[in-house]
Amino acid sequence: MPDVEDGLGSALPVGLWDMLLLFSFAGFVIYWFWVRDPKPESEKISKFNLMSYCVYFAHAFLNLGRTSTGGNSTDKSFASFIDKMIFKGQKVAIFYGSQTGTATDYSARLLKDIRRMGLGCTQLDPEDHDPKDLARLTEIEDSLVLFVVATYGEGDPTDNARQLFDFLSDMDSADQVLAGVRFAVFGLGNKTYEHYNLIGRFVDKKVAEHGGERFFRRGDGDDDGNIEEDFLVWREEFLDCVRERYQITAEQVGMIREYELVVHDPPPPNVYVGEPVKLGSFRNQRPVYNNKNPYLAPITVHKELHKGGDRSCMHIELDITGSKITYSPGDHVAIQPVNDSAMVQEIGGRLNIDLDTIISLKATEDSSANKVNPFPCPCTYRTAFTHYVDISSFPRTNVLESMIEYCQEDPDREQLRRVTTPGE
């Protein structure tokens, strides 16, 4: 994986002499407008404009270096995802159509599974790529494309899959533009709706209709039943097919660590304490408030409306005085949850860690993660377990699978294997 600093270094024109030239120019500008004999008011330049000129020159200087390399910089831009796959030696592309995040999660899990086999793989948002480029997959030997797509509402594609849907809809039925393209589809839907899994069935049918070669049967996940189980059963059979096609043995399948733990000693000056995005936003509350900069509204009224029985309905009033937040009937209030401090303390004891140690999780070079950090870093273990990590829900199967490697006792390892095997 190309190093970011190497890419930047190769983008700059030459080196020390160019930097000296840049600083010399900046020094001359400062002398000319600020140090030498004062000029009439009409000839003076404001500090703002002076800074603008310097920034403009630096920007032009750096861009000159990038364009003068003739495209040899490691920070390459590609006209098509196909070109990028060829450059990176990838064989498998996974497109996801997701409205609530489930299809995105499933496609990410398939990405990890395939990369563990040693196959180059990429996860793609269909909204960001020209669907016409799907025809070019035949330029990559033994290539494969997966579509993990959800049906939204009454048989509609998700917002980010609309372009792909329109592309497949508008093609003439006799057009074999996707001839030779190997593909597989997993659809997500809900049987309580009339058009169950319509988009998954549509993509599967249309790609085959236009010349695509079905690599594996379509999978259907039912959110009204057990969509996780549906996915796991299909996934296991699909991965068996991948192993057979690409002749991958069990010995070749390994683990890929997505993030590495960094312990900060000495502690850094700026540390997150639970802010969702902006560092210090809890300490310095400033509008405009939104999901990335929440307002810490005091609770003024908190009472239970039901007087007995097992039902609960809470009446809660929040004080937004001085926040400049407006509220109209029908608006929704988002609540940022905080985990129970006693549970956090117990986890710290079980893991034998100092909860006040400041840490960061950083994506490794081989990581398929879309973010450098899975949550705001650096922060303490206590902050991570309190604000950023779900410690009260049942873990998903892929989380339990990833823990198998770290079991020290055979019975524990076998127990995790059993509970993560579909149908067990």
Only one of T386, T380, V344 passes side-chain contact (heavy atoms from CB on, under 4.5 Å) with L355, and that residue is V344

Residue pairs meeting side-chain hydrogen bond (donor to acceptor under 3.5 Å, both in side chains), one or both in residues 206-221, sequence neighbours left out, come to N197-D220, D204-R214, K206-E209, R217-E237, R218-D220

Heavy-atom closest pair (P267 atom, I358 atom, distance to 0.1 Å) is CB-CD1, 3.4 Å

Charged N to carboxylate O under 4.0 angstrom, E139 versus R136? yes

Original post:
Any side-chain heavy atom of D223 within less than 4.5 Å of one from T102?
Top reply: no

| said: Is there a side-chain contact between D222 and I227 in this structure, where contact means two heavy atoms from C-beta onward sitting under 4.5 Å apart? | reply: no

F375 meets the ring pair (Phe, Tyr, Trp, His ring centres under 6.0 Å) criterion, sequence neighbours left out, with Y388

Would you confirm whether R182, through its side chain, and F215, through its main-chain N or O, come within 3.5 Å as a donor-acceptor pair?
no

Closest heavy-atom pair, Y259 versus P374, reported as atoms and distance to 0.1 Å, is CE2-CD, 3.4 Å

Between the CZ atom in R382 and the CG atom in D356, the distance rounded to the nearest 0.5 Å is 4.5 Å

Note to self: Keeping Y152 on the side-chain end and I199 on the backbone end, is there a donor-acceptor pair under 3.5 Å?
What the structure shows: no

Between the CG atom in L400 and the CG atom in L416, the distance rounded to the nearest 0.5 Å is 6.0 Å

Go through the steps to decide whether S80 and D133 satisfy the test side-chain hydrogen bond (donor to acceptor under 3.5 Å, both in side chains), and finish with yes or no.
-> CA-CA 7 Å; S80 164; D133 290 335; 3.1 Å; yes

message: Surrounding CZ of F394 (heavy atoms of other residues, nucleotides or ligands, distance under 6.0 Å), is the total greater than 12?
response: no

When rounded to the nearest 0.5 Å, the distance separating CD of E127 from CG of D159 is 7.5 Å

Tested for ring-ring contact (aromatic ring centres under 6.0 Å, His included) against Y106, the lone hit among F231, F147, Y96, F95 is F231

- Does any donor atom in the side chain of T420 or E401 lie under 3.5 Å from an acceptor atom in the other side chain? no

With sequence neighbours left out, the residues meeting side chain to side chain donor-acceptor pair (under 3.5 Å) with T321 are D319

Rounded to the nearest 0.5 angstrom, the CG-NZ distance for N284 and K278 is 8.5 Å

Sorted by chain and residue number, the ring pair (Phe, Tyr, Trp, His ring centres under 6.0 Å) partners of Y196 (sequence neighbours excluded) come out as none

Is any side-chain heavy atom of I94 closer than 4.5 Å to a side-chain heavy atom of C121? yes

- Message: Any non-hydrogen side-chain atom of I86 less than 4.5 Å from a side-chain atom of I140?
- Response: yes

Query raised in the report: How about N160 and P126: do any of their side-chain heavy atoms sit closer than 4.5 Å?
Result: yes

Of all heavy-atom pairs linking P276 and P376, the shortest is O-CG, 3.5 Å

Residues passing the side chain to side chain donor-acceptor pair (under 3.5 Å) test with Q415, sequence neighbours excluded, are R418

Between the CD atom in E304 and the CZ atom in R311, the distance rounded to the nearest 0.5 Å is 10.0 Å

To the nearest 0.5 Å, atom CG of L198 lies from atom CG of D156 at 8.5 Å

Flag side-chain contact, heavy atom, 4.5 Å: Y193 against T151: no

Just wondering, do L134 and L164 contact through their side chains at under 4.5 Å, heavy atoms?
yes

Decide, yes or no, whether a salt bridge links R109 with D113 under the criterion of side-chain N to carboxylate O below 4.0 Å. no

On a heavy-atom basis, the closest approach of T357 and V263 is CG2-CG1, 3.7 Å

On a heavy-atom basis, the closest approach of Y272 and C379 is O-CB, 3.5 Å

Quiz item: With under 30° as parallel and over 60° as perpendicular, where do the rings of F78 and F87 fit, or are they tilted in between?
Solution: tilted

Within a strict 4.5 Å, meaning less than it, do heavy atoms of the K205 and L168 side chains meet? no

Contacts of H387 meeting ring pair (Phe, Tyr, Trp, His ring centres under 6.0 Å) (sequence neighbours excluded), chain-then-number -> none

